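Single-structure report; data block below.
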Amino acid sequence: MTLLLKPITRLSLFQTHFQIVNNNNPRARARARAISVSCSWSHQAHKIVREFDPKIPIEKAITPPSSWYTDPSFYAFELDRVFYRGWQAVGYTEQIQEPRDFFSGRLGNVEFVVCRDDNGKIAAFHNVCRHHASLLVSGSGKTSCFTCPYHGWTYGLNGELRKATRISGIRDFSINVFRRDFGLIPIKVATWGPFVLLNMDNEILQKDNIDTDNVASEWLGSSSELFRLNGVDTTLTYVCRREYIIECNWKVFCDNYLDGGYHVPFAHKGLASGLSLDSYTTSIFEKVSIQSAEGGSKEKEDDRLGSKAFYAFIYPNFMINRYGPWMDTNLAIPLGPRKCLVVFDYFLEASFKVIYLLYDIICSL
């Protein structure tokens, strides 16, 4: 893992300290203290990063220091330098298949909502009202607009402010100004295959158009064609979702996934019996690790696993598992230094979905 950190100079720390001791305004002093704490965390995170040498050959490397998994300052820098930069998987296109569909979520401290407007265009915004920052929507569903449950401010699916209730008496008020300046703050959104991706980087926010090929290149690098060849595409249909809160740092879950075939013979004997572990391979790309294995012998071939298993980890926290007619994805969402939410979404080839539904009905009887 490589983090790009802004250097904290002694001068900036001195200036903050000078403001604290010389400013008699209580609110200004409180703000300066918050800045000082932030600078202290920055310094601590910078020190933690220096403890790790990324140039050590893999055969000599050890695991990152425990502080990378437990220290609040390092967690804060991960959010800023890793999760708020670059494309992040947040959902799938079937959640917004029709006009007026939406789904919401949270990544770090950012609440977001993704929707499809009446013209079929996909958009994403910070999911907070511009007035008092109330959460606009939760979960998923269908809506013609976003109405704040606190004061009733209403926004269109294009993010434009449509109505600001009971503010006509405000001096120099102009609804046209409010519509222009107080709409929802946008987030760049793109799709690749069945996945919805967000990019919260301010630099990419300035770009008007996003090219799909560029998104694939930035998100998957030179491995993108392998995903297509292994059936990670839009012909799959969504089946269900499972969510689990795990009391561990998000990287612990990812570490376990990247452990690959090492633990499978011992921890997943059923899975191991359906795979030819001698054929297990791992290939490393720019931001992707792909593990694959052939299925077992034809006599014992698992219909669920099929003839080949394809496991892909996309940095920093998204995993795709393609096997037989199935695909499932694992998304490890950080909730703090020692807690994460893991979201499992399951997909199935369309021709098998009727069989699956019948099986599900029979099992529920």
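Please read all numbers here as calculations on a predicted model, not as lab measurements.
Evaluation of the side chain to side chain contact (heavy atoms under 4.5 Å, CB included) rule for S283 yields F285 as partners, not counting sequence neighbours. Under the side chain to side chain donor-acceptor pair (under 3.5 Å) criterion, S222 pairs with E286, not counting sequence neighbours. Legend: residues meeting side chain to side chain contact (heavy atoms under 4.5 Å, CB included) with H263, ordered by chain and number and at least two apart, are N256, D259, A267, H268. Residues forming a side chain to side chain contact (heavy atoms under 4.5 Å, CB included) with R228 (at least two apart in sequence, or on another chain): W192, S224, E225. N158 meets the side chain to side chain donor-acceptor pair (under 3.5 Å) test with no other residue; sequence neighbours excluded. For D328, the salt bridge (charged side-chain N to carboxylate O under 4.0 Å, His left out) criterion is met by no residue, not counting sequence neighbours. For Y257, the side chain to side chain donor-acceptor pair (under 3.5 Å) test picks out N321, with sequence neighbours left out. In this structure, the side chain to side chain donor-acceptor pair (under 3.5 Å) partners of D118, at least two apart in sequence or on a different chain, are R100.
Under the 30°/60° scheme for interplanar angles, the aromatic rings of Y150 and H132 are found to be tilted. The aromatic rings of F347 and Y92 stand perpendicular to each other, their planes meeting at an angle above 60°, with 30° marking the opposite boundary.
Among residues at least two apart or in separate chains, there is no salt bridge (Lys or Arg N to Asp or Glu O under 4.0 Å) pair with a member in residues 120-139. Residue pairs that meet the side chain to side chain donor-acceptor pair (under 3.5 Å) test with at least one member in residues 332-348, sequence neighbours left out, are R241-D345. Identified under the salt bridge (Lys or Arg N to Asp or Glu O under 4.0 Å) test for residues 55-65, with sequence neighbours left out: none.
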May I have the list of side-chain donor-acceptor pairs in residues 103-116 shorter than 3.5 Å, sequence neighbours left out?
{"from": "S104", "atom 1": "OG", "to": "G139", "atom 2": "N", "distance (Å)": "2.9"}
{"from": "S104", "atom 1": "OG", "to": "G139", "atom 2": "O", "distance (Å)": "2.9"}
{"from": "R106", "atom 1": "NE", "to": "G108", "atom 2": "O", "distance (Å)": "2.8"}
{"from": "R106", "atom 1": "NH1", "to": "E111", "atom 2": "OE2", "distance (Å)": "3.4"}
{"from": "R116", "atom 1": "NE", "to": "I96", "atom 2": "O", "distance (Å)": "2.5"}
{"from": "R116", "atom 1": "NH1", "to": "G120", "atom 2": "O", "distance (Å)": "2.8"}
{"from": "R116", "atom 1": "NH2", "to": "I96", "atom 2": "O", "distance (Å)": "3.1"}

**Item:** F195 and F318: CA distance, side-chain angles, deciding distance, ring pair (Phe, Tyr, Trp, His ring centres under 6.0 Å) verdict
**Value:** CA-CA 11 Å; F195 309 118; F318 191 55; 5.3 Å; yes

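Interatomic distance, F313 CZ to N330 CG, rounded to the nearest 0.5 Å: 10.5 Å.
When atom types are taken as modelled, the side chain of T154 and the backbone of G152 share a donor-acceptor pair closer than 3.5 angstrom.
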